[in-house]
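Input: a single structure, listed below in structure tokens.
Remember, it's a predicted structure, so these values are computed and weren't measured experimentally. Just so it is clear, the values below take in all heavy atoms, side chains as well, and ignore hydrogens, waters and symmetry mates.
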Amino acid sequence: MVIRQILKNAGFAGFFEGYNPFTITDDDLMRKSGDMPLLRFHPLGIANGASDPGGWAWIWLFAFFIILEIVRP
């Protein structure tokens, strides 16, 4: 069940909804989360996609500008 894993990964979100996502039964979870929207995002733009699959390209850009500031007279 996808919603259970999302609530487990979200930390206190399930607890704020009034139940424990680790111990609630599947039937109760389906009934209580029926009105919760579930959205799937596909990030687009800077630091995403095939050129940066891990999302770490920003480090190189940040390091470049730091070095540029140090070297600049």
Side-chain angles (χ1 to χ4, degrees):
M1 191 172 212
V2 175
I3 193 73
R4 179 183 304 276
Q5 191 60 44
I6 291 171
L7 290 173
K8 284 180 181 179
N9 293 342
F12 287 106
F15 296 101
F16 286 137
E17 288 291 324
Y19 50 88
N20 183 345
F22 295 94
T23 60
I24 192 170
T25 64
D26 287 341
D27 292 333
D28 288 340
L29 183 60
M30 286 294 290
R31 190 173 63 253
K32 291 184 177 184
S33 65
D35 62 342
M36 293 174 64
L38 178 60
L39 304 174
R40 182 177 182 181
F41 291 96
H42 294 281
L44 302 173
I46 297 175
N48 294 306
S51 65
D52 187 25
W56 293 99
W58 66 271
I59 293 174
W60 297 110
L61 187 61
F62 180 73
F64 172 75
F65 283 112
I66 294 296
I67 292 170
L68 187 65
E69 284 296 318
I70 292 171
V71 174
R72 191 170 62 170

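By the criterion of side-chain heavy atoms lying less than 4.5 angstrom apart, applied directly or through intervening Ile, Leu, Val, Met, Phe, Trp or Tyr residues, Ile59 is not grouped with Ile67; the two fall into different hydrophobic clusters. Clustering ILVMFWY residues whenever any of their side-chain heavy atoms sit less than 4.5 angstrom apart, transitively, puts Phe16 in a cluster other than the one holding Leu7. Cluster membership check: Met30 shares its hydrophobic cluster with Ile24, using side-chain heavy-atom separations under 4.5 Å among Ile, Leu, Val, Met, Phe, Trp and Tyr.
Scanning both residues, Tyr19 and Pro21, for their nearest heavy atoms gives O-CD, 3.4 Å.
Within 6.0 Å of atom CZ in Phe22, more than 12 heavy atoms from other residues, nucleotides or ligands are found, so the atom counts as buried in its surroundings. Heavy-atom contacts from other residues, nucleotides or ligands closer than 6.0 Å to CE of Met36 number more than 12.
A distance of 7.0 Å separates OG1 in Thr25 from CZ in Arg31, rounded to the nearest 0.5 Å. Put simply, CG on Asn20 and CG on Asp28 are 12.0 Å apart, with the number rounded to the nearest 0.5 Å.
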Original post:
Run the side-chain contact (heavy atoms from CB on, under 4.5 Å) check on Ile66 and Glu69 step by step: do they pass?
Top reply: CA-CA 5 Å; Ile66 294 296; Glu69 284 296 318; 5.9 Å; no
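Among residues two or more places apart in sequence or in another chain, the side-chain hydrogen bond (donor to acceptor under 3.5 Å, both in side chains) test is passed with Asp27 by none. Remark: Asn9 engages Gln5 in a side-chain hydrogen bond (donor to acceptor under 3.5 Å, both in side chains) (not counting sequence neighbours).
Contacts classified as salt bridge (Lys or Arg N to Asp or Glu O under 4.0 Å) and involving residues 4-19 (residues at least two apart or in different chains) are given here: Arg4-Asp26.
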